[in-house]
Amino acid sequence: MDSNYEPAVIEAEAQACWNDTEAFSVREDGGREKYYCLCMLPYPSGKLHMGHVRNYTIGDVIARYHRMRGRNVLQPMAWDAFGLPAENAAMQNGVPPGRWTRDNIDYMRGQLKSLGFGIDWSREFATCDPGYYRWNQWLFLKMLEKGLVYQKTGLVNWDPVDQTVLANEQVIDGRGWRTGAPVEKREIPMYYMRITAYADELLAALDELDGWPERVRAMQANWIGRSEGARVAFPYTMDGRNEKLWVFTTRADTLMGVTFVAIAAEHPLALRLGEDNPEAAAFIEKCRTGGVTEAEVATREKEGVPTGFHVEHPITGEPVPVWIGNYVLMSYGEGAVMGVPGHDERDAEFAHKYSLPIGQVLAVEGERYDASHWQDWYGSKDGVCVNSGKYDGLGFAAATDAIAADLEAKHLGEKRIQYRLRDWGISRQRYWGCPIPIIHCEKCGAVPVPEDQLPVTLPEDLTPDGGGNPLARCEAFVKCECPRCGGPARRETDTMDTFVDSSWYYMRYTSPDSSASMVDARADYWLPVDQYIGGIEHAILHLLYSRFWTKVMRDFGLLKIDEPFTNLLTQGMVLNQIWFSRDGDGRITYHNPAGITAEGDGVGRTADGAAVEFGGLGKMSKSKNNGVDPGELIERHGADAVRLFTMFAAPPEQTLEWSEAGVEGAVRFLRRLYRAVAEHVEGEPAERVPADLDGAARELRRQTHATIAKVDDDIGRRYTFNTAIAAVMELLNAVNRFAPETTADRAVVQESLETAIMLLAPIVPHICHRLWREMGHAEPIIDVAWPTADPAALKRDELEIVVQVNGKLRGRIAVDAGANREAVENAALADDNVQRFIGGKAVRRVIVVPGKLVNVVV
RNA sequence: GCCCGGGUGGCGGAACAGGUAGACGCAAGGGACUUAAAAUCCCUCGAUCGCAAGAUCGUGCCGGUUCGAUCCCGGCCCCGGGCACCA
């Protein structure tokens, strides 16, 4: 055996073997247990980044592990090919987004192959393929038919200079990224998917998703945001008509404490009042500036304006002043809230600022109410009503019931369950996306494209220039006939949110060549996905939309599953150091950490000696110039070393800090492993491991089998690949310390090395492919059965027990594995150092944790 | 602002159900081999005190529960993710 570890040779050879035997192409096989292992599909941005490498390595380890456990494993790959970056690249380079995207895909596919991932490439597709996105259009039309898609207006960021809609990402400090102009909100018509129709099921089913991280379930539950409360009407007369201003509240018991109502600036009543009230109109206008994100709205200073208009209190009939408030969200509840400054923090802040009356309507026994300390009273459900007329003395539940009943009798309210979740607006005023299959006819209105005319194909030769959607200027696309009346008509030029593309791609893998339907019967074999792996940043939107989409497809009879992903693993980000320098104008230039020598105290030098500052750790990104090119790393150290370091440096859910030195450490370990095998196969062939081992050989064999048990648990249950690797490292250290003398010893070493190779095969498959053959096996290791621990080998005669006195470590004792409680306790008390600390004091209690520890309490 | 995480040696991390804090690795220091370097191998490596045995302190901060807390509870501080048009 060649004594030098040459990753380039070994990796090419292993990959050729998998390729030639189509080792990872899979078919439906009812006789075998299937395992569908899925990683989030990449956006083809140019090159693979370390986040991709981490994601797909985790997936590949899990897939290969289950393959060795005998399962029929599907691991596919596709490309999330529509989206904004392609349009930006097009503007910069003058290349159509389609060409840029497809070039990137070709390059990145090569990179994925060089990492040796066990992917079934026969199922690959891109979401910009018409054969894929036609089914987006098809389901959209089905949903439209069933009322699950509808049209209404929605708010978007508007750049008044470029006259174009901006993505939230394109709004920087309230200004358009290209023009620097203050962004405005604008209302435009959009298509919505009725995800709220599934709010209850999406929420309830979270309880069943026990293969999902608790934090993701919590985030989704909060996002859906079910709250029980009441809808309350405040009647008023406007333009001679009797109207009702509806609010939603979770604290109907405080209704008698209302001193104002506040409505959103976009509320129809606000707009009507603005017509007669210049001050209100000016405030509404002011609220139009700024972006539409919730973070921006929520961090803005709370401001309001009195309209001078009053509505009636639904119980007392007293006039209540109407304010317009910038903190009231049109998108939640009714777009209006009742103000109870005596018992609500936000209302109190507003009332203090504008000197509105504050009154107490709740009392907690034994506590004195102080309006200037309203914080203490916020949210308390312990009190009873006071100053509330007939409701005095009632607690939260009783008061809510009584008030809701009275309101209902007057048709001025009822109990209501409200969700924070909003319907999913899918219209984008952008070119590089899936066309929305609608035709606008002057006579017939918005007409769905007939099914036999699908797909509505996106022309791929347009190049955006920043001045709006080029699709809208492409007459060849826009001009068409109305399918209903045959008259001249225009196509919808909005495209779909790219979250639509990623909501069902994992279903399409099961039937990638199906031209007659979205998915076919093969979906029933593979779905649901057994293990899904991707970034934590997708914890809410992508995963919630995918769950929704699954339920819609199920209700259309296309699927038999309720949930798409049985188990979910959310990986952390990959971080690297940030280094920068400033020029004379204070402008910042970022330097790639690979070229920096740190000099401590947050300073360093570039290769040409220029001083640079340390900017902390941050997500690897182009903008911070702190990315690492996986291609270059693979060339230098090999794919196995990159895979090993990525899996060893941190558990998958945590952030991972990049370290060049760490990769070198990984190479060192692989070389040690390689050398250990090379040295072993030099000697005489080993025989079977004899049953009667003792001493060091027996201990090495015990450790070998303990390692099997540990690695199996770490990979199969805990997903802590870092500790699995550490355990194999310990095993190899033990093998290297062990000096075999007899053929029995050699047999134990052989078993240990073969075990290490099998356990590492999912993580570093190339080197294991070669070493397994060098150990004399003809069968490729990917087809070898995963090892199981032999319980007989795990047995121990003697255990080490820790002895504490008052919870502090004072000694260690060795006891027989079978020793009873009393014997362990006596041995512990006999220890010299333990006696020293007992020091003649009375032993009050002795706690014995079997096999682990004794604590003597004195 | 709201929701969800995280904080342990010089560094990445380990401690899985409340029971030995620091496995494994990186970096650093010392040594061996070598003409030399690289590679490799061996030793040391939380802080303080001590010749040593060992002792005391130590898991972001303050407090609590417990025989025993990195782990559970209450209150803070800092960092990160998400907030509906980045993907």
Side-chain angles (χ1 to χ4, degrees), chain A residues 40-43 45 80 83-85 154 156-157 165-171 213-216 218-223 225 291-300 302 327 331 346 420-430 497-499 502 535-542 544-545 570 572-573 575 616-619 645 648-651 653-659 661-662 664-666 668-669 671-672 675 710 713-714 717-718 720 722-723 725-730 733 736 800-809 812 833 836 844-847 849 852-858:
Chain A
M40 288 183 185
L41 81 178
Y43 179 80
S45 56
D80 192 14
L84 204 51
V156 293
N157 304 305
V165 175
L166 296 177
N168 286 335
E169 186 190 53
Q170 297 170 320
V171 179
E214 192 50 51
R215 61 171 159 156
V216 175
M219 280 191 261
Q220 292 215 350
N222 288 327
W223 186 262
V292 297
T293 68
E294 193 188 309
E296 198 177 325
V297 173
T299 50
R300 200 172 302 162
K302 285 166 195 58
Y327 67 97
S331 51
R346 201 178 44 187
R420 208 186 74 96
L421 181 69
R422 310 202 292 261
D423 279 335
W424 175 15
I426 60 147
S427 296
R428 297 291 179 270
Q429 298 68 46
R430 261 183 266 291
D497 181 3
T498 56
F499 275 125
S502 56
I536 181 66
E537 66 272 23
H538 297 290
I540 297 174
L541 292 178
H542 162 62
L544 194 62
Y545 292 147
T570 50
M573 294 177 311
L575 310 181
L617 288 169
K619 185 176 168 171
F645 172 72
F648 180 61
E653 310 228 57
Q654 280 182 37
T655 56
L656 183 150
E657 285 179 35
W658 187 252
S659 155
E664 283 158 21
R668 259 199 303 270
F669 170 73
R671 271 204 292 259
R672 273 210 308 279
R675 199 161 0 95
K710 162 119 184 104
D713 190 47
D714 282 353
R717 179 181 66 88
R718 296 177 68 211
T720 51
N722 55 329
T723 54
I725 293 164
V728 180
M729 285 175 170
E730 285 183 76
N733 290 344
N736 285 338
E800 190 189 66
I801 303 283
V802 163
V803 187
Q804 299 179 332
V805 178
N806 285 345
K808 292 203 167 160
L809 176 67
R812 293 158 202 277
N833 205 42
R836 199 152 73 81
R844 272 203 297 152
R845 216 171 131 189
V846 179
I847 290 144
V849 181
K852 274 219 165 127
L853 133 165
V854 177
N855 187 16
V856 182
V857 185
V858 298

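So that the names make sense, note that chain A is the first sequence line, chain B the second, and so on, each numbered from 1.
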Listed by chain and number, what are the ring pair (Phe, Tyr, Trp, His ring centres under 6.0 Å) partners of A:Phe645, not counting sequence neighbours? A:Trp658
Which protein N or O atoms sit under 3.5 Å from an N or O of nucleotides 22-26 of chain B?
{"unit_1": "B:A23", "atom_1": "O2'", "unit_2": "A:Glu730", "atom_2": "OE1", "d": "3.3"}
{"unit_1": "B:A23", "atom_1": "O2'", "unit_2": "A:Glu730", "atom_2": "OE2", "d": "3.2"}
{"unit_1": "B:G25", "atom_1": "OP1", "unit_2": "A:Asn733", "atom_2": "ND2", "d": "3.2"}
{"unit_1": "B:C26", "atom_1": "OP1", "unit_2": "A:Arg668", "atom_2": "NE", "d": "3.1"}
{"unit_1": "B:C26", "atom_1": "OP1", "unit_2": "A:Arg668", "atom_2": "NH2", "d": "2.8"}

Would you please name every residue forming a salt bridge (charged side-chain N to carboxylate O under 4.0 Å, His left out) with A:Glu730, sequence neighbours left out? none
Touch check for A:Lys710, heavy atoms < 4.0 angstrom, all strands: base, sugar-phosphate only, or nothing? base
Quick one: label A:Pro651 by what it contacts on the DNA or RNA (base, sugar-phosphate, nothing), any heavy atom closer than 4.0 Å. sugar-phosphate
When you measure from the side chain of A:Asn157 to the backbone of A:Val292, do you find a donor-acceptor pair of N or O atoms at a distance under 3.5 Å? yes
So A:Val216, base contact, sugar-phosphate only, or nothing? Heavy-atom distance under 4.0 Å. nothing
Locate the shortest heavy-atom distance separating A:Ala650 from A:Thr655; write the atom from each residue and the value. CB-O, 3.7 Å
Could you tell me the separation between the OH atom of A:Tyr327 and the C1' atom of B:C2, rounded to a whole number of Å? 16 Å
What does nucleotides 66-74 of chain B look like as a protein-contact string, B for base, S for sugar-phosphate only, - for none, at under 4.0 angstrom between heavy atoms? -B-------
Hey, does the side chain of A:Asn806 reach the backbone of A:Val858 with a donor-acceptor pair shorter than 3.5 angstrom? yes
With sequence neighbours excluded, what pairs up with A:Trp424 under the ring pair (Phe, Tyr, Trp, His ring centres under 6.0 Å) test? A:Tyr545
Under 4.0 Å, counting only non-hydrogen atoms across every strand here, what does A:Met573 touch: a base, just sugar-phosphate, or nothing? sugar-phosphate
Regarding A:Arg428, tell me which of base, sugar-phosphate or nothing describes its non-hydrogen contacts under 4.0 Å with the strands shown. base
Under 3.5 Å, is there a donor on one side chain and an acceptor on the other for A:Ser502 and A:Asp80? no
Just need the stems in RNA chain B: three or more back-to-back Watson-Crick or G-U pairs, each with both distances under 3.5 angstrom, sorted by first number. B:1-7 with B:77-83, B:10-12 with B:24-26, B:28-32 with B:40-44, B:46-49 with B:54-57, B:60-64 with B:72-76
Could you check B:A17 for me: syn (within 90° of 0) or anti? syn
